[in-house]
Every structure is written in structure tokens, then in C-alpha cells.
Amino acid sequence: QVQLVESGGGLVQAGGSLRLSCAASGRTFSTYRIGWFRQAPGKEREFVATFSWSGGSTYYADSVKGRFTISRDNANNTVYLQMNSLKPEDTAVYYCSARIKPRDYVLPRTYDYWGQGTQVTVSS
């Protein structure tokens, strides 16, 4: 079992920044990989960012590449999503998730555990 708790969402103006945190507990941190997804009203949940299974690489959706950065603190079992140059279209509920096998990282169904989500609202 993996428990995930997101924090750091809020309201920000376009061009601003936010840092989301995902605190993980339960299963040994090194045995799974964290990914970030988001879901806007009326839209499907979409991939945002994650780490490769080897841990040596990071992957981003094209829509956030160059603006968002995923990082992790292994000592504290926490993953971060630094979001810069935010746009109104980034408005969504952001979820962190954990996959316990090296499957397709883009698909939500690949992930086995999910947090409750944190709202990010970007005003124009």
C-alpha cells in the first residue's frame, strides 16, 4: 500500500509560480515511481510529469515542458512539482500517483495509488 497526500495548490495569476508537494508513505519509496496528473472540469485526466523507472530521467507532457519541473527528496519520501509561467489552461485538480511496475507512464490506468488531489487555479 502507498498513501499519497498532495499540498501546495492555490490561486495564482498567469505568469506566476506554485510548488506542489506529494508526501508518500507506506511501501518503500524506491519500489515505486510517482507521477503527476491533472484533470480540468469536463476533461479527462491527463499526464503531467514523472520519473523513468530507472530514476535517471524525467518525462513531461508537451504542454508543460520547459515550465514545470518534477523533483524528489528521497530522505523525506516527497516529490515536488515546481510550476512556473503558469497559464489559465493549467487550471485543474492536480493528482500525484504511484506506479509499482515499469509500465506505460502516460496512462492513468498504469498507476496503482492516487492522492486526493489539490486544486490549482490560474487567473488571467
Side-chain angles (χ1 to χ4, degrees):
Q1 289 283 340
V2 178
Q3 293 78 44
L4 303 170
V5 179
E6 303 97 333
S7 60
L11 173 64
V12 64
Q13 288 189 332
S17 298
L18 282 173
R19 189 177 78 158
L20 305 183
S21 299
C22 174
S25 61
R27 189 177 171 126
T28 303
F29 195 53
S30 62
T31 64
Y32 55 91
R33 299 294 177 267
I34 295 291
W36 286 97
F37 285 77
R38 66 186 182 186
Q39 188 166 19
K43 294 188 176 182
E44 293 187 351
R45 193 166 297 190
E46 64 173 0
F47 167 76
V48 175
T50 192
F51 300 97
S52 65
W53 191 256
S54 68
S57 301
T58 53
Y59 302 121
Y60 298 92
D62 288 343
S63 58
V64 307
K65 203 171 292 183
R67 301 187 298 121
F68 290 12
T69 303
I70 189 171
S71 62
R72 60 190 171 200
D73 178 351
N74 291 332
N76 291 298
N77 291 2
T78 301
V79 172
Y80 302 99
L81 185 68
Q82 177 67 44
M83 306 186 296
N84 298 329
S85 303
L86 283 161
K87 305 175 181 180
E89 51 264 43
D90 294 318
T91 295
V93 177
Y94 283 70
Y95 299 90
C96 72
S97 54
R99 67 186 191 278
I100 62 173
K101 293 182 181 179
R103 296 170 290 188
D104 189 339
Y105 59 83
V106 174
L107 300 176
R109 66 172 181 262
T110 292
Y111 294 76
D112 305 280
Y113 302 97
W114 293 85
Q116 82 287 352
T118 186
Q119 176 71 46
V120 171
T121 303
V122 184
S123 63
S124 57

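No hydrogens, no waters, no symmetry mates; every other heavy atom, side chains included, goes into these values.
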Minimal non-hydrogen separation, [X] against [Y], with atom names:
X      : Y     : result
Ile34  : Thr50 : O-OG1, 2.8 Å
Ala49  : Leu81 : CB-CD1, 4.2 Å
Val79  : Phe29 : CG2-CZ, 3.8 Å
Gln3   : Gln1  : NE2-CB, 3.6 Å
Ser124 : Pro88 : CB-CG, 3.9 Å
Ser71  : Phe51 : C-CZ, 3.6 Å

So, applying ring pair (Phe, Tyr, Trp, His ring centres under 6.0 Å) with Trp114, which one of Trp36, Phe37, Tyr94 is it?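 Passing option: Phe37.
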If the threshold is 4.0 Å, N to carboxylate O, is there a salt bridge linking Asp90 and Arg67?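 Looking at Asp90 and Arg67, the cut-off is met.
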In terms of side-chain geometry, is the basic nitrogen of Asp112 or Arg103 positioned less than 4.0 Å from the acidic oxygen of its partner?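 Salt bridge between Asp112 and Arg103, a charged N being under 4.0 Å from a carboxylate O: yes.
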Counting only N and O atoms by type, is there a donor-acceptor contact under 3.5 Å from the side chain of [X] to the main-chain atoms of [Y]?
X      : Y      : result
Arg27  : Val2   : no
Gln82  : Thr69  : no
Thr78  : Asn76  : yes
Thr118 : Gly9   : yes
Asp104 : Val106 : yes

Run the numbers on Tyr80 and Arg72 for side-chain contact (heavy atoms from CB on, under 4.5 Å), then give the verdict. CA-CA 6 Å; Tyr80 302 99; Arg72 60 190 171 200; over 6 Å; no
Does [X] share a hydrophobic cluster with [Y], counting links as ILVMFWY side-chain heavy atoms below 4.5 Å and allowing steps through other members?
X     : Y     : result
Ile70 : Phe47 : no
Met83 : Val93 : no
Phe68 : Tyr95 : no

Output the distance between atom SG (Cys22) and atom CD (Glu6), rounded to the nearest 0.5 Å.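 Going from the SG atom of Cys22 to the CD atom of Glu6 covers 5.5 Å.
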Kindly compute the distance separating OG (Ser25) from CG (Asn77), expressed to the nearest 0.5 Å.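 With rounding to 0.5 Å, OG (Ser25) is 8.0 Å from CG (Asn77).
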If you define the side chain from C-beta out and look only at heavy atoms, does anything of [X] sit under 4.5 Å from [Y]?
X      : Y      : result
Thr91  : Arg38  : no
Tyr113 : Arg99  : no
Val120 : Leu18  : yes
Tyr111 : Ile100 : no

Indicate whether any N or O donor in one side chain lies under 3.5 Å from an N or O acceptor in the other, for Ser17 and Asn84.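 Short answer, yes.
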Without hydrogens or angle criteria, can the side chains of Ser52 and Ser54 be said to hold a donor-acceptor pair below 3.5 Å?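 Side chains of Ser52 and Ser54: pair found under 3.5 Å.
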Once you measure the plane-to-plane angle for Tyr59 and Tyr105, does it fall in the parallel (<30°), tilted (30-60°) or perpendicular (>60°) bin?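 Taking Tyr105 first and then Tyr59, their aromatic rings lie parallel (interplane angle under 30°).
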For Gln116, look at atom CD and say whether over 12 heavy atoms of other residues, nucleotides or ligands are found less than 6.0 Å away.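 It does: Gln116 CD has more than 12 such atoms within range.
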Hey, is NZ on Lys101 packed in by over 12 heavy atoms from elsewhere, all under 6.0 Å?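 12 or below, so no.
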